[in-house]
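Just so you know, these numbers use all the heavy atoms, side chains as well, and skip hydrogens, waters and symmetry mates. Whatever order the structure lists ligands and atoms in, that order sets their numbers, starting from 1.
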Amino acid sequence: MDASKKILRRIPIIGLLNAIVSIDLLRRLTLELIERKIYKRVVEVNQNHCPRRSQEDKYYIVSNLLRSFIRAWREGLISPRVRRHLIEELGGKVLIPAADKVRSFRQEHGFNPPKFVTISPFSGCNLRCAGCYAISSSERAESLDYHIVDRILREKTKQWGSHFTVISGGEPLLWRSQGKGILDLAASHQDNFFLMYTNGTLITPKVARRMAEAANISPAISVEGLKKETDARRGRGVYEKILRAFHNLREEGVPFGISVTATRENAEVVTSDEFAEFYLKEQGALYCWLFQYMPIGRSYTIKLLITPQQRLEMYRRIQRLVREKRYFIADFWNSGTLSNGCISAGRPDGGYFYINWKGDITPCVFVPYSTHNIKEVYHQGGDLNTILFSPFFAAIRKWQYAYGFMKSPTEVGNQITPCPIRDHYGVMRGIVEHHKAHPIDESAANALTDKSYYEGMVDYGERVSELTRDIWEKDYLDPEREAVLQESRR
Ligand code: SF4
């Protein structure tokens, strides 16, 4: 080892980063250097040969997250323990062995494993928001056993090299099983990072402290807009409780974000400068996940769906907030370029699937149809790969490839409309029926026989495709076609 490496090894990495973050000039120069490297790798090297503009979308989102993280660090919103855990433990000790596991999975099966699993261990919730599928009465609420969730995590980490877990609900902080809860799960899986969707109302100072101690969990707290919209859908006083949760998390140095459901009624508010500035600057949230209302679950209605015109407008507004204002905002549908399209059914390179409180396994949180239940799979001696290789999931992945995943950059399908259930409803219905996937709840069953729902969804998809086609063709595909033409003339 040469002398410089020996010296570097003796410098505590966190101390060095602290110095970089706190000295303005050093911070700016380091950020510029890292961003240049990210740009080169993502946009110029472009290993997967995606349209250049898709790669730019990815570059902006990665760079914006980095900026959020540095800002939160500088403002003291990320505790030393969390920083150390993220950088030294998850960054340093976990990623290299994970790459080995991914490689050996690929050698054995011919493609990369999924990146994560989303689990909703508990259906109950202490709120009753309009249109949500969670159950507000805890007597009727259903729950997965702790040992099942624990096994899922151990298995995906070992077999897939997956160190990322998403927890959803119901309200995950209400889940109790075998004397343990979600924070015990995070504490005992230190080799995983948890993103937990929560309504935030139960994040007391004590809960925030436990999150800081676990150091591997980030809550994404649901809001519906500013005070008026949040209280209107979630209940009076909820907004104030959320602000208290933000305060508690800031005090303990737990990195957090927000999650928003965009409906026909709040689409403008949740993509406004005022909204982004309030949560992502003033309140210190690092990221914003935006979900357009999906008509599934209790009292579903396509009347709350944002209109095709609103969707187009949202695309434009989010592009501006991301590219010009440099916020980390990802819209699960309009930002399809970030993930190279649909990631459901355990797609290679970034994919996932979903397991709910009954153990039903679905391709995605928004596709409420299933052919397997994790409890039965385990009972019959199977594992997570049993589901991954199921014909139902394989058929969805086949569609993803046919639509554009890994296709040449001139042939990729419109990734502003990437979703086989929302934007191409007929596709998912066909796959569900062909594989006899069963509805996981009454609403999903009703949707299968509701003619107006079918027609409304198909019509919606066609209109959105029509409206966004020009952007996709001109901004994403035409430059690729031009490049091919130039190349052929050389
Ligand atoms: S099914 Fe739709 S919502 Fe689910 S991952 Fe695919 S594109 Fe996203």
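With respect to the salt-bridge test (charged N to carboxylate O, under 4.0 angstrom), the residues E155 and R151 qualify. A salt bridge is absent between R233 and E229: the closest approach of a Lys/Arg side-chain nitrogen to an acidic carboxylate oxygen does not fall below 4.0 angstrom.
In this view, F193 satisfies the ring-ring contact (aromatic ring centres under 6.0 Å, His included) rule with no residue, not counting sequence neighbours.
A cation-pi contact, defined as under 6.0 Å to the ring centre and within 45° of the axis, is absent between R323 and Y60.
The aromatic rings of H109 and F105 lie tilted to each other, with the angle between the two planes from 30° to 60°.
Ligand 1 is surrounded by F332, W333, C342, I343, S344, C364, F366, V367, C419, P420, each with at least one heavy atom closer than 4.0 Å.
Distance alone, capped at 3.5 Å, places no donor-acceptor pair between the D331 side chain and the F291 backbone.
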